[in-house]
Every structure is written in C-alpha cells, then in structure tokens.
Colleague: 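Here it is, the structure, as structure tokens.
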Amino acid sequence: MSSIGKIRSHPEVLWAQRADKVYLTIALTNAKDIAVKCEPHGSFRFSAVGSKDETFDFSLELYGKILPESCKTQMGLRNILCTVQKEEKGWWKRLLKSEGKPAPYIKVDWNRWCDEDEEPDNGTDDDDDLKYTSDDDGSGSDDGMLYLPDLEKAIK
C-alpha cells in the first residue's frame with residue numbers, strides 16, 4: 001500500500017533579500033544528495049535526503065527572473081544557504097510569484113533581513129554573506145534548530 005520509509009516533507013525555509021539577490025536558508029541537519037536547480041523565469045527547485053533517510057523536496061516560483069549561473073549553494077551542518085541572483089536589481093514585493101499566503105514552511109529570515117532603505121550602498125560580498133555557516137562545528141545541543149540570537153536575549 002504505502003511505503004513508510006520514504007516520506008516526502010518540506011524543511012523550514014527562511015528567506016531574506018537585497019536589491020540584487022535573495023537568500024534562502026534551508027534548515028536541514030546533515031543533509032546529503034543535495035540538488036538545487038534554478039531556472040531563468042524564477043523557478044527554484046530543491047531536493048535532499050535528511051539524516052534519517054527521509055526525502056525533502058520542494059519548488060518555488062519566485063517573484064522575478066533570476067540568473068541561474070550566478071546562484072550559489074553552501075552546505076553547513078545544520079542548514080543549506082542558497083544565494084539566488086536576481087536578473088534585475090530591485091526589491092521584490094514578496095518572495096513568490098503568487099499573491100496568496102506562502103506555505104507554512106516558508107518564513108522570513110529576520111537575522112538576514114534588511115529593509116530597502118537600510119541596505120548599504122557599497123554592496124555586499126557573497127563570501128561574507130555565506131561564511132556564517134562554516135563556523136558551525138556541530139557541537140551544539142539544539143537538535144538542528146537555527147540559532148536566533150535575538151530570541152535568546154528575549155528569553156533571559
């Protein structure tokens with residue numbers, strides 16, 4: 001009847017944007033067989049196998065056109081960061097092409113969020129944007145949860 005071992009599910013996806021790019025942080029611990037495909041019309045497709053051999057798979061129709069050759073992916077122990085290059089510089093009204101409410105697994109990445117009028121004029125360097133995942137040594141005991149420093153302050 002149904003195969004219990006290969007359940008498809010959606011990981012949490014955090015997003016933020018700058019005038020020239022969109023950041024998608026996918027919360028998956030020790031993922032393998034990661035595949036990311038970007039299409040010029042704005043299609044973003046992700047698939048991976050989680051630490052317990054579960055399959056994660058989703059696709060997004062992004063608000064605007066993108067440059068697939070300039071999209072980058074960096075893997076950390078607890079998450080995967082995808083930097084998606086916009087075809088035209090400018091701020092999108094929302095992440096997705098559709099106007100409805102996004103799926104519940106898509107959330108704003110408040111740690112990366114920058115309002116349009118607060119963005120630095122000098123631009124940002126992708127290496128600086130991506131380096132935060134490489135500092136993760138996996139020694140934390142948070143079961144793969146993303147680190148949210150402002151929440152930690154609010155709890156104390």
Side-chain angles (χ1 to χ4, degrees), residues 8-50 55-136 140 142-155:
R8 291 185 181 271
S9 56
H10 298 282
E12 181 177 63
V13 178
L14 301 178
W15 80 282
Q17 73 171 314
R18 298 292 184 271
D20 60 339
K21 63 187 88 159
V22 171
Y23 300 110
L24 298 171
T25 304
I26 302 154
L28 271 182
T29 303
N30 297 320
K32 56 189 176 195
D33 299 332
I34 297 166
V36 174
K37 185 171 185 179
C38 296
E39 298 286 339
H41 62 276
S43 176
F44 176 88
R45 184 157 182 79
F46 174 88
S47 66
V49 176
T55 301
F56 294 93
D57 187 1
F58 68 90
S59 61
L60 304 173
E61 288 300 320
L62 301 175
Y63 182 79
K65 293 181 179 181
I66 59 175
L67 299 172
E69 65 278 3
S70 298
C71 295
K72 297 180 181 179
T73 302
Q74 181 177 7
M75 295 169 285
L77 291 176
R78 293 191 178 101
N79 52 50
I80 297 123
L81 177 64
C82 299
T83 304
V84 179
Q85 192 71 36
K86 295 177 182 178
E87 183 180 271
E88 292 182 22
K89 200 170 185 176
W91 287 77
W92 292 352
K93 292 190 243 182
R94 57 187 173 272
L95 174 64
L96 303 177
K97 196 171 283 189
S98 63
E99 292 187 31
K101 186 175 179 179
Y105 64 90
I106 300 173
K107 300 175 181 170
V108 173
D109 185 347
W110 295 113
N111 287 337
R112 288 193 168 277
W113 193 262
C114 177
D115 287 329
E116 188 173 354
D117 56 351
E118 295 173 350
E119 183 175 27
D121 291 333
N122 62 353
T124 57
D125 181 16
D126 277 341
D127 293 335
D128 289 340
D129 296 336
L130 293 173
K131 74 180 176 186
Y132 86 100
T133 55
S134 62
D135 295 335
D136 185 358
D142 59 0
D143 295 325
M145 299 299 291
L146 292 173
Y147 178 63
L148 301 172
D150 359 25
L151 291 179
E152 192 173 276
K153 290 176 191 168
I155 292 171

Colleague: Closer than 3.5 angstrom, by distance alone: can the side chain of Q17 be matched with the main-chain N or O of W92 as a donor-acceptor pair?
Modeller: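 Side chain of Q17 to backbone of W92, a donor-acceptor pair under 3.5 Å: yes, one is there.
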
Colleague: Between L28 and F46, is there a side-chain heavy-atom distance shorter than 4.5 Å?
Modeller: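 Yes; the side chains approach each other to less than 4.5 Å.
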
Colleague: Rounded to the nearest 0.5 Å, what's the gap from CD on Q74 to OG1 on T25? Could you check?
Modeller: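 Here the interatomic distance stands at 10.5 Å.
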
Colleague: Could you walk me through whether I26 and N79 pass the side chain to side chain contact (heavy atoms under 4.5 Å, CB included) test, one step at a time?
Modeller: CA-CA 5 Å; I26 302 154; N79 52 50; over 6 Å; no

Colleague: State, with a plain yes or no, whether a side-chain heavy atom of L60 is found less than 4.5 Å away from one of K97.
Modeller: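 No - every pair of side-chain heavy atoms lies 4.5 Å or more apart.
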
Colleague: Please verify the inter-ring angle class for Y105 with H10; under 30° counts as parallel, over 60° as perpendicular, anything in between as tilted.
Modeller: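 Y105 vs H10 ring planes: parallel.
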
Colleague: Heavy atoms only: give me the nearest C38-P68 pair and the separation to one decimal.
Modeller: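 In this case the closest contact between C38 and P68 is O-CB, 3.3 Å.
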
Colleague: Working to the nearest 0.5 Å, report the span between NZ of K65 and CD of E39.
Modeller: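 One gets 13.0 Å once the value is rounded to the nearest 0.5 Å.
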
Colleague: Let me confirm one number: the OG-NZ distance from S43 to K37, rounded to the nearest 0.5 Å.
Modeller: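 S43 atom OG to K37 atom NZ measures 8.0 Å (nearest 0.5 Å).
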
Colleague: Would you say that L24 contacts L95 through its side chain, given a criterion of any heavy-atom pair below 4.5 Å between the two side chains?
Modeller: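 They are in contact (side-chain heavy atoms under 4.5 Å apart), so the answer is yes.
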
Colleague: Report the C-alpha distance between F44 and C71 in whole Å, list the side-chain angles of each, state the deciding distance to 0.1 Å, and finish with yes or no for side chain to side chain contact (heavy atoms under 4.5 Å, CB included).
Modeller: CA-CA 10 Å; F44 176 88; C71 295; over 6 Å; no

Colleague: Please confirm whether the backbone N or O of D20 pairs with a side-chain atom of R18, one donor and one acceptor, at under 3.5 Å?
Modeller: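 Not a single qualifying donor-acceptor pair exists.
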
Colleague: Contact between V22 and L62 at the side-chain level, heavy atoms closer than 4.5 Å - yes or no?
Modeller: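 Not in contact.
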
Colleague: Check the pair C82, K72 against side chain to side chain contact (heavy atoms under 4.5 Å, CB included), reporting the backbone distance first and the verdict last.
Modeller: CA-CA 6 Å; C82 299; K72 297 180 181 179; over 6 Å; no

Colleague: Salt bridge check: are K86 and E88 linked by an N-O gap of less than 4.0 Å?
Modeller: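 Looking at K86 and E88, the cut-off is not met.
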
Colleague: How far apart are the C-alpha atoms of D109 and Y23, what are their side-chain angles, what is the distance that settles it, and do they pass the side chain to side chain contact (heavy atoms under 4.5 Å, CB included) test?
Modeller: CA-CA 9 Å; D109 185 347; Y23 300 110; 5.6 Å; no

Colleague: Kindly indicate whether the side chain of I66, heavy atoms from C-beta on, has any atom under 4.5 Å from the side chain of E87.
Modeller: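 Of all side-chain heavy-atom pairs linking E87 with I66, none is under 4.5 Å.
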
